[in-house]
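This one's a predicted model, so the numbers in the text were calculated from it and none came from an experiment. Read the numbers this way: they start at 1 and go in the same order the structure lists the ligands and their atoms. Hydrogens, waters and symmetry mates are skipped; everything else that's a heavy atom, side chains included, is used.
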Amino acid sequence: MPMFSSYSYPGSDRRIGRKPWTLALLLLAVVAAASTPTTPSPADPQRYLNDIKTLTAPSMEGRGAGTKGIGRAAQVLEARYKSLGLKPAGTNSYLEPFTVITGARLKGNNHLVAETGGSKTELRVNQDFLPYSFSSSGSVSAPVVFVGYGASGDEFQYDDYANVDVKDKIVVVLRYEPEGFATKSGNHGLTRHAQLVTKAINARNHGAKAVVMINGKLAGEEEDLLTRFGTVNGPEDVGIVIVQVKNAVAEGWFRTAGKTLPDVQKQIDSSSKPESFAFPADLGLSINVSIESTRAKVNNVLAYLPGKGDEYVIVGAHYDHLGRGNVDSLAPSQIGQIHPGADDNASGTAGVLELARLLAPLRGQLQRGILFASFAGEELGLLGSAHWVKEPTLPLDKAVAMLNMDMIGRIKDKKVFIGGVGTGSTFKPILEQAGSKSDLKLEFSAGGYAASDHTSFVSKKIPVLFFFSGLHSDYHKPSDTWDKINPNDAAVLLNLVSSVTLQLATAAERPAFVTVVEERPGPVSGGGGGYGPYFGSIPDFGQVENGVRFSDIRPGSPAAKAGLKAGDVLVQFNDKPIKNLYDFTDALRRSKVGEVVEVKVLRDGQPITAKVKLEQRK
Ligand SMILES: [Zn+2]
Ligand SMILES: [Zn+2]
């Protein structure tokens, strides 16, 4: 969208560059370039911490989408940018409003009626059946076809849809995937075919009108539970009606075909061949799904420091957080309490404010401008930054780099993680120079994809740098409070970011975008693939050398009952050595509910073994 076509750039007048320069003028220019820009004053830890206090005050309500608090936070940011004399760079002065979906709820009539041989059975919502939050709304009445795991895996020469006609039919689909997929794909746990969204899209692509999911075979002491509404991530509307029913309900349907559900599933698993079939014509289902999305209006807050030319550097951070907790809260028992998000991400937001304060006096002096961007909707899926790159308020091709700060407030042992270093051709030397002036220990990684806003810019081929001080046990919990922030080291990091910003804003050449080929881990997110049984530890993503360190243990969980503690480092799970989080996730996925596993942890360096009885996730 050409939002920027009417935007006028002070300093974009470059006619002077086309005039023949005299040597004297040139010399003058060189001298001037060497003496300006001035070095900005250093970041002030106390001022920085005060901004974090403001952003985490109770009136900010955890800056959740849909709360009044996030609006108050936007006002604070706007007022600050204004007072610094920065130019508005939103669509409505400093603001760029957009709408986000904050959730979904069942509304009105949700029913499922099964008709067999003239007799009707009405299923009870929440007890016998339940739609998924990403289901389409609508009514479907149709004959029924069983399509196994609903997988079309060319790479495994396996297709549940071969030899059956599902056009305009309702398909019954098993959770998970044929047992052979994981082994054939190199043992990384479940493949994408196990994900509910993949199954839904595959059914839709084959012309089916609705999907009925069943759990099928249960592991160990697992109960046949319906997945709670709204707890599986997916799009707003996957484009087909999709519900789940209890095994017991589906078993009745299998009997009408003279089969049993366990036998059919066993047959697929042992032969690695599909067993799809159409149920007898006298079985029909009528499904009605009615889901309403809840929406909220939020704002990106954008301010511009004009340079001499029309190119610019973006310095950004998301300012939204989880409000009073949502699906992403890591303290589910405390949902309803304010999640203040001091580190995530008042720390980055206040960092942008501090940099704006330090750099504002350089207005018009730098070769390139600086866009200070405070994004909303990040916690709901990078929505603010995605919106901005889709409808940019400045020309995208003039953005030379995007620097993102997400969680920079808890620097420990001077360690700072910097991602995206490989995405810009000039980043390495710039960072090394900036880093040599501080005592921080910088850990570089080349790739630019991570779960924060800079990812939106990588996808537009804009070089990115991501500054991060690491995860901790207060992450996404009400205990992420301002008093745990380390403002002194954060200020040191801000001086480094300031120096990087200045180098990028003044260098003769802008960095060229470099595509970094990344080892992407297998499917980690839910989508019905699941993480296996419930263990109850919260891993510390920041420290994963030869083991998984627990940043916390959930009270009452299997891990807590076994006596495991925060700080323990998991090194063995039954007979499997655990080197990293993937090993742990994989081991867990291969275990069963009710199984007792023997784990070995290191506590203060001493090995301890414990027996953990795995439970079902609920
Ligand atoms: Zn964040
Ligand atoms: Zn977050």
Side-chain angles (χ1 to χ4, degrees), residues 51-52 55-56 60-67 69-70 73-74 77 100 102-103 233 296 298 300-301 314-332 334-335 337-353 373-388 402-411 416-420 448-458 464-482 484-486 490 493 497 524-526 538-542 551-552:
D51 281 339
I52 294 180
L55 290 164
T56 55
M60 299 290 165
E61 299 179 89
R63 307 181 305 284
T67 64
I70 194 170
L77 302 173
V100 294
T102 52
N233 288 323
V298 292
N300 290 332
V301 190
I314 304 168
V315 177
H318 77 88
Y319 73 98
D320 65 305
H321 192 52
L322 306 178
R324 290 180 171 78
N326 60 16
V327 180
D328 296 319
S329 171
L330 286 177
Q334 294 172 65
I335 288 177
Q337 286 182 38
I338 288 178
H339 289 51
D343 188 29
D344 186 17
N345 185 26
S347 72
T349 307
V352 174
L353 292 181
S374 305
F375 294 112
E378 193 271 352
E379 299 286 11
L380 300 169
L382 319 184
L383 301 181
S385 52
H387 180 78
W388 194 85
M402 192 274 173
L403 313 187
N404 184 31
M405 293 179 279
D406 191 357
M407 301 177 64
I408 59 161
R410 302 268 294 245
I411 296 175
V416 174
F417 171 84
I418 305 179
Y449 283 102
S452 188
D453 289 315
H454 55 286
T455 297
S456 300
F457 292 84
V458 177
V464 299
L465 285 172
F466 168 48
F467 300 89
F468 175 54
S469 55
L471 280 171
H472 44 77
S473 52
D474 300 306
Y475 173 67
H476 278 201
K477 289 184 190 170
S479 55
D480 180 8
T481 48
W482 68 265
K484 293 170 185 153
I485 295 292
N486 170 359
L493 174 59
V497 180
V524 220
S525 69
I538 296 168
D540 183 336
F541 294 80
S551 71
D552 210 353

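- The atom of H476 that is an N, O or S and sits closest to the Zn ion (ligand 2) is NE2.
- In summary, of the residues considered (L383, V298, N300), a side-chain contact (heavy atoms from CB on, under 4.5 Å) with F375 occurs for N300 alone.
- For the side-chain hydrogen bond (donor to acceptor under 3.5 Å, both in side chains) test with R324, the passing option among Q337, E61, Q334, H339 is E61; the others fail.
- At a cut-off of 2.8 Å, measuring from the Zn ion (ligand 1), the protein N, O or S atoms that fall short of it are H318 NE2, D344 OD1, D406 OD1, D406 OD2, waters left aside.
- Expressed to the nearest 0.5 Å, how far CG of L55 lies from CZ of R63 amounts to 6.0 Å.
- With sequence neighbours excluded, the residues satisfying side-chain hydrogen bond (donor to acceptor under 3.5 Å, both in side chains) with D343 are S347, H472.
- T56 contributes a side-chain N or O that, together with a main-chain N or O of I52, makes up a donor-acceptor pair within less than 3.5 Å.
- Screening D406, L471, D474 against D344 for a side-chain contact (heavy atoms from CB on, under 4.5 Å) leaves a single residue, D406.
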